[in-house]
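Worth knowing before you read on, the calculation uses all heavy atoms, side chains too, and leaves out hydrogens, waters and symmetry mates. Per chain, numbering begins at 1; letters A, B, ... match sequence-line order.
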There are 2 protein chains.
Amino acid sequence: MDTLPQPEGTRLALIEAGLRLFGQQGFAATSVRQIALAAGANIAAIAYHFGGKDGLRLACAEEFGRRMSSAMTTSPGRPASTAAEARAALQDILRAMLGFLLGDRGAGALVPFMLRELAENGPGVDLVYRSFAEPTHSRLCTLWALASGHDPASTDTRLIVFTLIGQIMYFRIGQPVVTRRMGWDTYGPDQIDQIARQISRNLDAMLGFDPEG
Amino acid sequence: MDTLPQPEGTRLALIEAGLRLFGQQGFAATSVRQIALAAGANIAAIAYHFGGKDGLRLACAEEFGRRMSSAMTTSPGRPASTAAEARAALQDILRAMLGFLLGDRGAGALVPFMLRELAENGPGVDLVYRSFAEPTHSRLCTLWALASGHDPASTDTRLIVFTLIGQIMYFRIGQPVVTRRMGWDTYGPDQIDQIARQISRNLDAMLGFDPEG
DNA sequence: CGGTAATTCAAACGTCCGTTTAATATTTCT
DNA sequence: AGAAATATTAAACGGACGTTTGAATTACCG
């Protein structure tokens, strides 16, 4: 276990192809030949650099963690100290999460890879947890506690935050169901805005905040 | 396209093994040999009865739809005509959905199969939609409209109902993340109750209903 | 420059995949 | 009972899989 330097060259190309293809098709349904072809590398390069297909999967999870961690730390937002500021920060974070999960820019192959790893309960779920789920949940717990006046460490607070996250995540995971029922063909900016406004209203309601008053 | 009689014997055994294994491991990661072994049938039986592995997958989706439809129609509940009744009916349905998705009884292999098919966007997603997602969403829209006084067919109503569903679904899909963060090893009756109470509180808040008053 | 290590490559490895075959067993019906 | 349809079986098929091999190439460094 060394310090995980940033990969480059063939290594990086293989990891990026793996992130994309594993995310699109799943681990079992993706062949090493397909990955090598997409990366412009030889088939044997996967065994050479990562020891095998499973090793590449882990390397992809590590790269996911690396990029996600840097994405998390570069968007701290201004610190909230009052309940009103905390509520505003919650709105901002939830909106950003929705854009990250549903939008087509930025996230790229990261979100599909994460959801696959989660659904397949693969070896990358640990890194998904540590680099994305836990930090996000923690920040939201702190802000919720500040905005609502409750204990940030209580069971109820942690559950409430999961209901907030779940509302957002489902619009991505259940995308084929949602778009079909809504009569949309994809999530465009307008659709994302509509969803965001609804989630924002839900948050206000859960906080007992009346935006009209 | 005949009338889809209930399968029996080898056919049924293969379908049940397929529902279970496809749900546990995913379609691509499950071999026909494994299915035949689990069903106590010969390998060639899959090709004989269903034309191939893909045919078995479709047959599993049809069986899923059959069981889900019957499960949906046998729990109509008493019809709601007032806002208070509608709110109570919403609480009941959401609680039942949570138990169905998180509990270990009844659902069996159906829920994992459904979630896999959804995650892989497989050919069964259409049947999942028609036999589960659409009927459930429709009922909830009607009840929400009655409970809140809004239009059951409006975009906002349909979105709100998806946020309700998403809160519940995420506790199943994100189970490894949730249990780890909550310090639980699984979802027991106590944990499900806690989650249900929180979702119930959220619903009340979204309806502008004050349970203390 | 020469030598050593690191990397890439075409080719082949053995294994498991989904499917097919052809023979046998079972059921169905006259 | 006997013919016909249906179902099950063991065995083999060609192909794709992940991996390994050993030589060729490239990069690094005294």
Base, sugar-phosphate, or nothing: which does Ile46(A) touch, judged by heavy atoms less than 4.0 Å apart? nothing
Choosing from dG18(C), dT20(C), dG18(D), which nucleotide comes nearest the side chain of Ser31(B)? dG18(C)
Rounded to the nearest angstrom, tell me the gap between atom CG in Leu37(A) and atom P in dG18(D). 13 Å
Without decimals, in angstroms, what is the distance between Ile43(B) CD1 and dA11(D) C1'? 9 Å
Counting distance only, does the side-chain N/O of Lys53(A) pair as donor-acceptor with the main-chain N or O of Phe27(A) below 3.5 Å? yes
Minimum-distance nucleotide (side-chain atoms of Tyr48(B) versus dT6(D), dA12(C), dT9(D)): dT6(D)
What residues, two or more places apart in sequence or in another chain, satisfy ring-ring contact (aromatic ring centres under 6.0 Å, His included) together with Phe162(A)? His137(A)
How is Ala45(A) classified with respect to the nucleic acid when contacts are heavy atoms under 4.0 Å: base, sugar-phosphate, or nothing? nothing
What is the separation between atom NZ on Lys53(B) and atom C1' on dC17(D), rounded to the nearest whole Å? 13 Å
Does His49(B) place a side-chain N or O at less than 4.0 Å from the phosphate oxygens OP1/OP2 of dT8(D)? yes
Please report the distance, rounded to the nearest Å, between CZ in Arg11(A) and P in dA27(D). 18 Å
Nearest to the side chain of Asn42(B), heavy atoms from C-beta on, is which of dT9(D), dT20(D), dT19(C)? dT9(D)
Is there a side-chain polar atom (N or O) of Thr10(A) under 4.0 Å from OP1 or OP2 of dT8(C)? yes
Rounded to whole Å, CG of Leu12(A) lies from P of dT8(C) at a distance of 12 Å
Measure CD1/Ile35(B) against P/dG18(C) and give the value in whole Å, please. 8 Å
For the pair made of CZ in Phe50(B) and P in dA7(D), what is the distance, rounded to whole Å? 11 Å
Using only heavy-atom distances, determine whether the side chains of Arg197(A) and Gln194(A) contain a donor-acceptor pair under 3.5 Å. no
Would you confirm whether Thr157(B), through its side chain, and Ala153(B), through its main-chain N or O, come within 3.5 Å as a donor-acceptor pair? no
Salt-bridge present (Glu63(A), Arg67(A); N to O < 4.0 Å): yes
Separation of dG18(D) P from Leu21(A) CG (nearest whole Å): 12 Å
Of the nucleotides dA10(C), dC17(D), dT19(C), which has the atom closest to the Arg33(A) side chain? dC17(D)
Nearest to the side chain of Ala44(A) - dG18(C), dT8(C), dA10(C)? dA10(C)
